[in-house]
Amino acid sequence: MTQDAPDPSGSAPEPPAPVSATGGSGVSRRGLFGIAIGAGAAAVAVGAGAGATAGVATGRGRERDAAASAHDFFGAHQAGITTPVQEHLHFASFDMMARTDRDDLVSLLQDWSYAASRITKGLDVSATGAVGGSPEAPPDDTGEAQGLAASSLTITIGFGPTLFETADGVDRYGLAARRPAALQKLPPFLGDDLDPDYNGGDLCIQACADDPQVAVHAIRNLSRIAFGRARLRWSQLGFGRTSRTTTDQSTPRNLFGFKDGTANILSDDQEALDDHVWVSASDGPSWLAGGSYLVARKIAMLIETWDRVRLSEQDGIIGREKGSGAPLSGGTEFTEPDFEATDAAGSPLIPEKSHVRLAHPGFNDGTRILRRGYNYVDGNNDLGRLDAGLFFLSFQRDPEHFVRLQRALSTDTMNEYIRHVGSGIWAVPPGAVPGSYVGAGLFA
Ligand code: HEM
C-alpha cells in the first residue's frame, strides 16, 4: 500500500505535500532523507540547528530557535523517559490501517524518526517546512510552532501488542515471532471502568514539551505524516507534570493537591534505572535491549467528592502530609517512611491501606517503576463536575512490575476517589542511532 492509497475511514487529514510516496523498496523518500540526515551524524542535526539561521537565510522554510532547550532525538535510550519531566503532554495512540504491509510500517517509523529528529531541534518537520514549499501545494509543516523554541520537546515511540499480532491472531507484518513474551494486553484489575475509546493501540507517541503548542504541533504533524498508513485511535492532552525525574526538579502536585513524584526513580540513579526501567540484553528480545515498557492509565479523579474529605483523612489516604509531602511517620518530604511507627494507641502512623504503603517497594518485592504522568481536565460532565484526573504514565523493565503494584493497590483507600478509565501498554525500543530509525532492530 502506498501513502496515496485511499483512507477507508475517510477521516485522515490531507498528507503534507512531498510526503513519502513509498517507492518500490517501500522506503520513503522522506525516510531515506531522515537516514541520510542521521548518517550525517550530529553534524546534520546540528547543521539543522544551525540551519535555523541558514534556513531562514536561504528561504527554505522558517525555522525556529533551535538552540533553546533541545533534547537530541538520537541516543542509547529514547528521550522522554529519564529526560527532566516537561510541563505539557500530548499522548497519542495509533492503529495501522487496513491493507498496510511491513514496508509501510518501516517507512512510517523512518518518517516519524526523521520528523522527530527535526522538531525536537525546534525545526519544521521538513526542510521546506511551513512556508518554504510550493505555494500551489499544502505546506509540509502545519506552521503553528513557527517562532516557538524547541521547548524541551521529546518524542517517545512505542509498539503495542496488536502490532505484533491482532486480537484474532493475524500476523500482519511478520513480527509475531519477535514479540516480547512480556508484551501482553494488561489483565483486568479490580475496579477497572475502562472506556473502549481510551484503550490499546498498535503504536503510541508520547510528546512532552514545556510549551503545549509545541507538543500539540508534534502530534498533529506526526499524525499527518502517518496518512494512509496509521491513524489516531485516541489521544490525551496533559498539563502540570505529576512527577520529577531529576534531583533538581521540584516535586509538583497532582489534582488531589498532593506532592507527587517524591519517591520516583531519578535519572542519576543508574543502578535503579538498570534494575527497574531498562530492558536488559538477558531479558530479551535483543531488539528491545535498552528500551522499556510504557504503561498508560487514564485515571479519572472524583475531585468534587475528594474536596469534601477532611484534611487529616486526605493525609491518611495518601500516607503523607498534604503540605510538606513528608511521610506521616515524621520528618521531611524525603525522609524514608517508617511503616512500623505507631501512635499512643498502637495504630500505625501511616495507615495500612494508604497509597504509599501499598505502593512501597518494601511491600512489593522491591518493585519500583519510573512514573511520568500528567494532570488532565477534559471539560465537565452534565452535572457540572470536572472531567479531571491523572494521566498515569510509567516506564518499567517488565510490565509485570506495574501489574504487581496495581494489584497491590486493590485495597487502596484512594480507590473510592478514582476510576481507571483508559489503559494501554507498549514496548518502547531503545533510542535510534544516527543513521537509523526508532525500532530498526525489530526489522533487522
Ligand atoms: C490518580 C491516581 C494516583 C494518584 C493521585 C497517586 C498519587 C500518589 C502520591 C501523592 C504519592 C506520594 C508521593 C510520591 O512518592 O510520589 C504516590 C506515590 C506512589 N504511587 Fe501513586 N498515585 C496514583 C496512582 C498510582 C498508580 C496507578 C500506581 C502504580 C500502579 C502508583 C504507584 C505509586 C508508587 C510506586 C509510589 C511511590 C511509593 C513509595 O515508594 O513510597 N500510583 N502516588
Side-chain angles (χ1 to χ4, degrees), residues 85 186-187 189-194 238 240-245 249-266 269 272 276-277 293-303 305-306 309 314-329 331-339 350-351 354-377 388-396 398-425:
V85 191
L186 289 171
F189 298 103
L190 204 68
D192 270 2
D193 192 11
L194 300 185
R241 62 189 170 89
T242 60
S243 69
R244 57 185 199 119
T245 48
Q249 278 191 306
S250 61
T251 314
R253 291 182 188 268
N254 59 38
L255 294 183
F256 282 158
F258 275 76
K259 288 193 175 187
D260 207 339
T262 303
N264 206 17
I265 296 179
L266 303 181
D269 189 347
H276 303 286
V277 179
Y293 290 93
L294 165 59
V295 167
R297 302 285 285 183
K298 182 169 181 170
I299 308 176
M301 290 159 79
L302 312 182
I303 52 177
T305 317
W306 174 264
V309 175
Q314 292 187 1
D315 285 354
I317 290 168
I318 300 297
R320 288 182 176 273
E321 278 178 10
K322 191 169 192 173
S324 65
L328 295 183
S329 49
T332 60
E333 183 189 347
F334 297 106
T335 305
E336 191 47 37
D338 177 357
F339 297 106
I350 302 177
S354 65
H355 184 70
V356 291
R357 187 183 191 279
L358 293 171
H360 195 270
F363 299 99
N364 295 286
D365 294 333
T367 304
R368 296 184 70 196
I369 56 179
L370 186 150
R371 289 170 287 142
R372 222 180 183 281
Y374 287 83
N375 299 314
Y376 76 85
V377 176
L390 173 71
F391 193 71
F392 175 93
L393 292 164
S394 67
F395 291 87
Q396 46 274 303
D398 185 341
E400 178 56 29
H401 297 172
F402 170 82
V403 172
R404 188 177 301 153
L405 288 180
Q406 183 56 26
R407 286 194 174 134
L409 293 175
S410 66
T411 55
D412 193 344
T413 39
M414 195 168 75
N415 289 344
E416 199 178 326
Y417 307 94
I418 61 173
R419 299 277 177 275
H420 284 242
V421 295
S423 180
I425 180 164

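In this chain, residues are counted from 1 in sequence order. Atoms considered below: every heavy atom in the structure, side chains included; atoms not considered: hydrogens, waters and symmetry mates. Both counts, for ligands and for their atoms, begin at 1 and track the order of listing.
Near A263, meaning under 4.0 Å from one of its heavy atoms, ligand 1 places the atoms 14 (C), 15 (O), 16 (O), 39 (C), 40 (O), 41 (O). Within ligand 1, counting atoms from 1 as listed, the ones closer than 4.0 Å to a heavy atom of P361 are 40 (O). Close contacts of ligand 1 with I318, meaning ligand atoms under 4.0 Å from a residue heavy atom, involve 10 (C). Here is the list of ligand 1 atoms found below 4.0 Å of a heavy atom in F258: 10 (C). Every atom of ligand 1 with a heavy atom of I418 under 4.0 Å away is listed here by number and element: 1 (C). Each of the following atoms of ligand 1 lies closer than 4.0 Å to a heavy atom of Q406: 27 (C), 30 (C). Annotation for ligand 1: atoms under 4.0 Å from non-hydrogen atoms of V356 are 12 (C).
R297 does not count as a contact of ligand 1, since none of its heavy atoms falls under 4.0 Å from the ligand. Within the 4.0 Å heavy-atom shell around ligand 1 one does not find N264. Between M414 and ligand 1 there is a heavy-atom distance shorter than 4.0 Å.
Within the model, atoms OH of Y293 and NE2 of H401 stand 10.5 Å from one another, a figure rounded to the nearest 0.5 Å.
Using a 4.0 Å cut-off between heavy atoms, N254 contacts ligand 1 through its side chain alone, with no backbone atom that close. Proximity of K259 to ligand 1, defined as any heavy-atom pair under 4.0 Å, is confined to the backbone N, CA, C and O atoms. Proximity of T251 to ligand 1, defined as any heavy-atom pair under 4.0 Å, is not found for any part of the residue.
Ranked by closest heavy atom to atom 19 (C) of ligand 1, the top entry among H360, R371, R357 is R371. The option with the heavy atom closest to atom 28 (C) of ligand 1, from among F392, F402, F391, is F392. For atom 25 (C) of ligand 1, the candidate residues are K298, H355, R244; the nearest heavy-atom contact is made by H355. One option in G261, G319, G257 has a heavy atom closer to atom 16 (O) of ligand 1 than any other, and that option is G261.
Ion pairing between a basic and an acidic side chain is recognised when a charged N comes within 4.0 Å of a carboxylate O; D192 and R297 show such pairing.
Looking at heavy atoms from C-beta onward, L294 lies in side-chain contact with L393 at the 4.5 angstrom threshold. Residues Y374 and V85 meet the side-chain proximity criterion, which asks for heavy atoms closer than 4.5 Å.
The shortest contact between atom 14 (C) of ligand 1 and any protein heavy atom is with T262 N, 3.3 Å. In terms of protein heavy-atom proximity, atom 9 (C) of ligand 1 is closest to D260 OD1, 3.7 Å. Closest protein heavy atom to atom 35 (C) of ligand 1: A359 O, 3.6 Å.
Using the six-membered ring where Trp is involved, F402 and F392 have ring planes that are tilted, between 30° and 60° apart.
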| Residues V295, V403; criterion side chain to side chain contact (heavy atoms under 4.5 Å, CB included); working and verdict | CA-CA 10 Å; V295 167; V403 172; over 6 Å; no

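The six-membered or imidazole ring of H420 lies away from that of F189, with a centre-to-centre distance of 6.0 Å or more.
Judged by the 6.0 Å and 45° rule, R357 forms a cation-pi pair with F363.
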